[in-house]
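Notes for the one structure printed next.
Below, each value reflects all heavy atoms present in this structure, side chains not excepted, and no hydrogens, waters or symmetry copies. Sequence lines set the chain letters: A, B, ... in the order given, protein chains first and strands last, and positions in each chain run from 1.
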Protein chains: 2
Amino acid sequence: MVLEAPTPRRRAIEDAASALFRRNGYPATSIRDIASALAIRGPSLYAHVTSKEDVLWAIVDRAASRFEAAAEAAEWTTPSDSAARIAALVRAHVDVVTADPGDASVFVAEWRHLSADRRAGILARRDAYEARFRGAIAEGMASGTFAMTDPSVAATFLLSALNGIATWYRPDGHLGRDRIADYFADLATRSLTEAAR
Amino acid sequence: MVLEAPTPRRRAIEDAASALFRRNGYPATSIRDIASALAIRGPSLYAHVTSKEDVLWAIVDRAASRFEAAAEAAEWTTPSDSAARIAALVRAHVDVVTADPGDASVFVAEWRHLSADRRAGILARRDAYEARFRGAIAEGMASGTFAMTDPSVAATFLLSALNGIATWYRPDGHLGRDRIADYFADLATRSLTEAAR
DNA sequence: CCTACCGATCGGTAGG
DNA sequence: CCTACCGATCGGTAGG
C-alpha cells in the first residue's frame, strides 16, 4: 500500500541496510553501520530516512509485496490441479527469495522488531499468504490428490523450508536459482502426495 | 564437552535468558532484562556468569548436545531401512525442539552472535548433525527407496522445516508434541519418496 | 552532507 | 546480592 517511488539514494540505503540486517540482525546493526556502508556519516542518513525502524519497515513492506504479487501471479496462471498449484506457489516463493535473499531474510527474521502496529499488519498479511498454501493443500486433500494431513501444519512445514533458503542461498553458490526451485517443487509436492506402494 | 553441572541458580539464569533470547533476540536482550526476570539487579548476575555471551554459549551448547544425543539414540535404535531412519531422525528432532523451544530457537537463530571460535565450533557440529540426514537420504536414493534429489538440498529442506517448529510451537497450543512428530515424520518421508501412480 | 553534541542505555567493575 | 559508577555506543537533533 506504500506506493511512493523511493529516490535512488533511499533505495541504496535500504539495500545496504537489508544486507546488514541479514548478516547481523536489526538490533545489532547501527545507523552508523548503514551509513558506513555508503561512505557517509551516521547523521547524514537522516536527510533520507526518519528513523531506523522506518528503514526496516520499508524493507519488510516491499518484501511482503513481492511475495504477494508472485503468489497472485502463480495462482492466476495455474488454475489446474492442486499439485500444480502448490508447485507454482513454491516456485514463486523460491524466485522471490533468491531474487533478493537480503530482503527475504529480513522479512522472515526481523519483523518482530517493528512497532506493534506494523507488526500486526505484517502478521495479517503473512497469514493471508499462508492461507494460499493451506487452501491448495486442503483442496488437494478433498479431491484425493493429497494424503491426509493437517493443512496448517503442512503449510507451515513448507513455508519454513522455503524461508530457510533465505539464510543459506548465495548468488555465487554452485546451485542456481531455477535448480533450487526444481528441487523444492519436487520435495514439496511429494511431501503432500501419498507414497508409491 | 562442557560437562560441569551448573548450579540451580545458574540454570535459572540460562532458562530465563533462553526465553528472552527467543522472544527478542540476543542483541535486543540486556543483562538487566535477564536479571529483572529473576527479580534481581543486573550486576548481581555477574556472581554467576562471566559475560552475556557466556550465557548464550551455555544455551547453544546444551541445545546442540541434546540434538546430538537424540539423533545418536535414534540411529542406534533404528538401523532398518532409510525411510524408518529418516522418520526416526525427524521424530528425535521434533522431540528436542518441543521439549525446549526456547533453547531450540536460540540454537538456530542466535548462534551468529557467538565469538568467532565458538561460532566455528557450532557450525562444525551443525554440519556433522546435518550429515546424518544427508547420509540417510543418500542411502535411500542408492537403495532405490527414495526419489532422486540433491541430498544436501533435501537435508536442508527438512531441517529448515523442523527448526521452524521452534518459532511457532507453544506448549499450551492445541497441537501436542507427538502429533506434530507424527505429521512431520509423514511429510518428511513422503517428501523423499516417489509419488504413487 | 558535515561536525558537534544530546540523553539513554549498554556490558561490565569496584567495593562492599 | 546490593548501590554506585565506568567508558562506550546507541538513535537521533541542532545548526550549519
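Contact annotation: R41(A) side-chain N/O to dA4(C) OP1/OP2 distance is not under 4.0 Å.
E72(A) pairs by the side chain to side chain donor-acceptor pair (under 3.5 Å) definition with R132(A), not counting sequence neighbours. D182(B) meets the salt bridge (Lys or Arg N to Asp or Glu O under 4.0 Å) test with R91(B); sequence neighbours excluded. R32(B) meets the side chain to side chain donor-acceptor pair (under 3.5 Å) test with no other residue; sequence neighbours excluded. Residues satisfying the side chain to side chain donor-acceptor pair (under 3.5 Å) criterion with D127(A), sequence neighbours excluded, are R134(A).
For the strand DNA chain C, secondary-structure stems (runs of at least three Watson-Crick or G-U pairs, all distances below 3.5 Å) span C:1-16 with D:1-16.
Judged by distance alone, the side chains of R23(B) and S105(B) never bring a donor and an acceptor atom under 3.5 Å apart.
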Nucleotides 10-14 of chain C: which of its N/O atoms have a protein N/O under 3.5 Å away?
unit_1, atom_1, unit_2, atom_2, d
dG11(C), OP1, T29(B), O, 3.4
dG11(C), OP1, K52(B), NZ, 2.9
dG11(C), OP2, I31(B), N, 2.9
dG11(C), N7, R32(B), NH1, 2.8
dG11(C), O6, R32(B), NH2, 3.2
dG12(C), OP2, Y46(B), OH, 2.7
dG12(C), OP2, K52(B), N, 2.8
dG12(C), O5', Y46(B), OH, 3.4
dG12(C), O6, R32(B), NH2, 3.1

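Under the salt bridge (Lys or Arg N to Asp or Glu O under 4.0 Å) criterion, the residue pairs touching residues 139-156 of chain B are R85(B)-E139(B), with sequence neighbours excluded. Applying the salt bridge (Lys or Arg N to Asp or Glu O under 4.0 Å) test to residues at least two apart or on different chains, none of the pairs has a partner in residues 183-195 of chain B. Listed by first then second residue, pairs satisfying ring-ring contact (aromatic ring centres under 6.0 Å, His included) with a partner in residues 35-55 of chain B number zero, not counting sequence neighbours.
Rounded to whole Å, atom C1' of dC2(C) lies 16 Å from atom CG of L38(A). Regarding H48(B), its NE2 atom lies at a distance of 13 Å from the C1' atom of dC2(D), rounded to whole Å.
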